[in-house]
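Accompanying notes for the structure given below.
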Amino acid sequence: MTTTGPIRTIGIFGAGKSGIAIARQALAAGYNVRITTSGPAERTALVAAILTPGAIAVDGQHLADGTDLVVLAVPLRAWRELPLALLAGRIVVDVMNYWPPADGILPEFETGRPSSEIVRDGLPPDARLVKTVNHIGYHEIEELARPAGSPDRVALAVAGDDTGAVALVSQFIDDLGFDAVAVGGLAASAVLQPGSAIFGANLGRDDMLAAIETAGQRS
Ligand SMILES: NC(=O)c1ccc[n+]([C@@H]2O[C@H](COP(=O)([O-])OP(=O)(O)OC[C@H]3O[C@@H](n4cnc5c(N)ncnc54)[C@H](OP(=O)(O)O)[C@@H]3O)[C@@H](O)[C@H]2O)c1
C-alpha cells in the first residue's frame, strides 16, 4: 500500500511518554489514532482510556491496519522486536533516539551512522522512513504546540529520502502545531540527533535553519 495522502489514520508503536504526547496532539487535530504497547490490546486500552481517550488500542500485529502513517515511539533497544514486515509500503516516522543511558550500548548504533539510516535498513525496502519529533521533549509536544502563523511557533526538523513522504509528514507536523523544516535525506539526519545544535533547543524556523548552518560550518 502506498500512501499519497492525505493522512487520516496513524498508528503509534509505543504508548509511553512520547507516543502518548503525539497521540494526544494528533487526536486534537482530528486524526484517527491506533496505539500499542508491548502488551496485549486489553492492557494498552487501560492506558489509552485515561491518557489518549479516542485512540484505539490494538496489539502490535494489528497496529498498521488501515493506517496512512506509523510512528515508531519505542526505546531504540526494542525497535527490532516490532512486527517490521507490516510496515511494507508505509510511511514510517522515526521519533527514536539512541540514548545509551536508557538503551544501554547498542553496537550497531555505535558506528557513527545516523540512527535512522540503520532503522531504515531494517525495514522492508519499500517503507518510506522519515525522522522527526525526536529532538523535542515529550512534555513540550503539548506545551509548545501553536496554531500556524503564531510568532512563537517552534519548528521541528524533518529528514527523509522520499520527498513525497516528507511532504505528507510535514503536513502532519503542521497539524500537530509545529513548523516543519525539511533538512534533507536520512544521511543528513544526524542534525536531529542528541548532541546536535537543535536537539532540545526548541527553535523557531529561522533560528533552526541558522543553527544548522552554523553547526555545518563548524564541522
Ligand atoms: N521521552 C522523550 O522526551 C522523548 C522525546 C523524543 C523522542 N523520544 C524517543 O522516543 C522513544 C520512546 O521514548 P519514550 O520516552 O516515549 O519511552 P517510554 O516512555 O519508555 O515508552 C516506551 C513505550 O514503548 C513501548 N514498547 C516497548 N517495547 C515495545 C514493543 N516491542 N512493542 C510495542 N511497544 C513497545 C512500551 O510499552 P510497555 O510499557 O509495554 O513496555 C512503552 O509504551 C525513544 O527512542 C526516545 O529516545 C523520547
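Just the heavy atoms: all of them, side chains too, but no hydrogens, waters or symmetry mates, feed the values below. Counting starts at 1 for both ligands and their atoms, in listed order.
For ligand 1, the atoms sitting less than 4.0 Å from at least one non-hydrogen atom of Gly14 are 23 (C), 24 (O), 25 (C), 43 (O), numbered in the order shown with element in parentheses. Listed by atom number, the atoms of ligand 1 under 4.0 Å from Glu81 heavy atoms are 31 (N). Annotation for ligand 1: atoms under 4.0 Å from non-hydrogen atoms of Gly137 are 3 (O). Near Arg43, meaning under 4.0 Å from any of its heavy atoms, are these atoms of ligand 1: 38 (P), 39 (O), 40 (O).
Of the protein's non-hydrogen atoms, the one nearest atom 21 (O) of ligand 1 is Gly16 CA, 3.1 Å. In terms of protein heavy-atom proximity, atom 14 (P) of ligand 1 is closest to Ser18 OG, 3.7 Å. For atom 43 (O) of ligand 1, the nearest protein heavy atom (residue, atom name, distance) is Ala15 N, 2.9 Å. Looking only at heavy atoms of the protein, atom 20 (O) of ligand 1 is closest to Lys17 NZ, 4.0 Å. At the top of the distance list for atom 11 (C) of ligand 1, counting protein heavy atoms only, stands Val74 O, 3.3 Å. Remark: minimum distance from atom 22 (C) of ligand 1 to any protein heavy atom is reached at Pro75 CD, 3.6 Å. Of the protein's non-hydrogen atoms, Ala78 CB, 3.6 Å is the one closest to atom 28 (N) of ligand 1. Scanning all protein heavy atoms for the shortest distance to atom 33 (C) of ligand 1 gives Thr37 O, 3.1 Å.
A donor-acceptor pair shorter than 3.5 Å cannot be found between the side chains of Gln193 and Asn97. Inspection of the Thr9 and Thr67 side chains reveals no N or O donor paired with an N or O acceptor under 3.5 Å. In the model, His62 has no side-chain atom that pairs as donor or acceptor with a side-chain atom of Asp65 under 3.5 Å. Side chains of Gln25 and Tyr31: no donor on one and acceptor on the other come within 3.5 Å.
At least one heavy atom of Ile136 sits under 4.0 Å from some atom of ligand 1. The closest approach between Gly60 and ligand 1 stays at or above 4.0 Å for every heavy atom of the residue. At least one heavy atom of Val133 sits closer than 4.0 Å to an atom of ligand 1.
Taking any N or O of Ser38, backbone or side chain, at least one lies under 3.5 Å from an N or O belonging to ligand 1. For ligand 1, the polar-atom distance check against Asn134 finds no nitrogen or oxygen pair separated by under 3.5 Å. Polar contact with ligand 1: absent for His135 (N/O pair, distance under 3.5 Å).
In this structure, the side chain of His135 does not engage the main chain of Leu156 through any donor-acceptor pair within 3.5 Å. Put simply, the side chain of Asp103 gets close to the backbone of Arg77: a donor and an acceptor are under 3.5 Å apart.
Using a 4.5 Å cut-off between side-chain heavy atoms of Ile, Leu, Val, Met, Phe, Trp and Tyr, with links allowed through other members, Leu129 and Leu82 fall into the same hydrophobic cluster.
For Arg153 and Asp174, the salt-bridge test passes: some basic side-chain N is under 4.0 Å from an acidic carboxylate O.
No option in Leu186, Leu76, Thr111 other than Thr111 meets the side-chain contact (heavy atoms from CB on, under 4.5 Å) test with Ile118.
Pairing each heavy atom of Ala157 with each of Val183, the nearest pair is CB-CG1, 3.9 Å. Here the closest heavy-atom approach between residue Ala48 and residue Ala55 is recorded as CB-O, 4.5 Å.
In this structure, atom 36 (C) of ligand 1 has no protein heavy-atom contact shorter than 4.0 Å.
Neither the backbone nor the side chain of Trp99 has a heavy atom within less than 4.0 Å of ligand 1.
In this structure, Trp79 and Phe109 have perpendicular ring planes: the angle between them is above 60°, well past the 30° mark.
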